[in-house]
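The structure appears right after this line, and notes come after that.
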Amino acid sequence: MGKKMPHYISTTNACKLCKPMGACLAFRGIEGTVPFLHGSQGCATYMRRYIISHFNEPIDIASSSLGEKNAVYGGAANLKQGLLNVTEKYRPQLVGVATTCLTETIGDDVPMILHQYRQEFGDVSEQPLVVSVSTPSYSGTHMEGFHAAVTSVVKQLAVGGEKNETVNLLPGFVSPADLRYLKEVMEDFCMPATILPDFSETLDGPALREYPLIPKGGTRLSDIRKMGSAKASVEFGRTLPEETSGRFLESSFSVPNHRLGLPIGIRETDRFFEVLASVCGRELPERQAAARGRLIDALVDGHKYVFGKKAIVYGEEDLVVGLTSFLAEIGVQPVLCASGGKSGRLASAIAEVTAGIPVNLPEVHVGTDFYEIAEYAETLEPDLLIGHSKGYSLARKRNIPLIRVGFPIHDRIGGQRILHLGYQGAQMLFDTIANAMIQKKQDASPVGYSYM
Ligand code: SF4
């Protein structure tokens with residue numbers, strides 16, 4: 001557990017984000033889907049603002065717009081009216097309803113309200129499917145909301161059937177660039193895949209003359225229904241909860257589930273490709289083997305610029321695990337791994353991924369905030385920070401580089417195009433870190449230099 005400073009008890013600038021926001025992002029990666037918040041209007045406005053700032057794409061999030069009266073009498077009527085409005089305006093195939101702090105606190109029974117809704121309005125033409133997920137933000141993170149939404153969709157839509165050759169790929173909340181990369185990998189392995197969710201187009205699409213109410217792209221509902229007949233599932237996350245969509249498909253439809261860490265760095269990517277190779281009976285594809293070779297060459301060329309540097313890694317737990325694994329591989333000493341999450345699995349996951357690499361185990365702090373991270377930085381004296389934009393003020397204060405990864409990236413463009421996964425992702429991360437170290441030294445030089 002994260003050590004609390006003795007002179008205060010509140011959270012100051014949490015190192016996690018709102019739980020239903022994660023659910024909305026997951027719903028956005030499903031074809032024809034409108035994310036819908038059962039709560040007050042302010043939650044939807046806040047989340048839209050946050051998501052737009054990272055992805056630079058418009059995103060509509062519907063809301064049941066509860067007011068003070070609903071906090072006393074419940075929000076059932078608003079939820080039903082909201083669903084009717086969304087159906088009429090958007091004509092969606094699916095509405096993903098996520099609860100919020102308010103509706104969880106007042107105790108609205110959303111599954112029961114949706115049951116009533118179907119009885120009352122089932123004969124209204126073109127009714128979409130409605131899937132709900134419980135996402136009280138006062139207990140959990142955006143990643144937990146994301147995984148819970150995916151699990152809820154699979155539980156409510158997937159069915160069994162005759163087995164096929166498809167692999168279910170459940171990557172969690174990665175970037176659109178990562179999703180495009182995963183599609184390329186599955187093509188290289190000649191393996192049909194259902195990637196759920198897939199917001200590679202819906203949150204990183206082309207400029208259009210006319211704004212579509214629901215953007216093109218996302219995992220097809222017909223493919224989600226067939227996930228129970230897949231050959232295997234691969235889910236990323238060493239800190240995932242017990243119940244996931246992969247585990248559900250395994251226990252309900254006998255689809256073998258492979259739970260792996262996010263494929264960040266060499267060893268975790270090797271593990272992912274070993275599983276793909278065994279599932280589809282193929283060797284490592286040539287393009288990926290070549291990328292691995294180039295990466296090793298780059299590490300040989302550039303390790304002297306990063307070796308022995310001390311890093312603080314923060315953010316959502318599985319990203320922290322993957323980054324820590326990668327940093328240890330390239331000779332950077334992670335001194336602190338920090339997250340606002342509290343899965344209870346972060347420390348053991350970090351020990352697993354660094355086993356056999358000659359680095360010291362870092363301090364691990366969970367349920368933490370940026371006030372505490374700044375306090376720890378005073379004694380740990382890191383050379384760099386790795387995480388999202390919320391670490392910027394700390395990096396500025398300490399005059400050290402911030403390597404921007406994950407979500408949110410609010411002070412740079414291109415957050416949606418950061419590639420984290422695979423050998424190519426490791427290559428980009430390595431070049432970014434090495435160049436940041438070189439620039440720091442260059443800037444600090446009294447005379448400067450232009451040749452290494
Ligand atoms: S009130 Fe709760 S659900 Fe709404 S934006 Fe804040 S943390 Fe998220």
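All ligand and atom numbering here is 1-based and tracks the order in the structure.
For the residue pair Q416/N56, the side-chain donor-acceptor check at 3.5 Å is not satisfied. Judged by distance alone, the side chains of Q81 and N85 do bring a donor and an acceptor atom under 3.5 Å apart. Residues E317 and S339 bring no donor and acceptor atom of their side chains to less than 3.5 Å of each other. Defined by atom type and a distance below 3.5 Å, a donor-acceptor pair is missing between the side-chain atoms of T11 and D369.
Residue H54 forms a ring pair (Phe, Tyr, Trp, His ring centres under 6.0 Å) with just one option from F199, F407, F173, and that option is F407.
In this structure, atom 8 (Fe) of ligand 1 is in close contact with the protein, since a protein heavy atom lies within 4.0 Å of it.
Taking every heavy atom of Y46 and a limit of under 4.0 angstrom, the matching atoms of ligand 1 come to 5 (S).
Relative ring orientation between Y376 and H365 is described as parallel, the plane-to-plane angle staying below 30° on a 0-90° scale split at 30° and 60°.
Between the side chain of K19 and the main chain of S139, a donor-acceptor pair closer than 3.5 Å is present.
Only protein atoms were considered; those of element N, O or S under 2.8 Å from atom 2 (Fe) of ligand 1 number 1.
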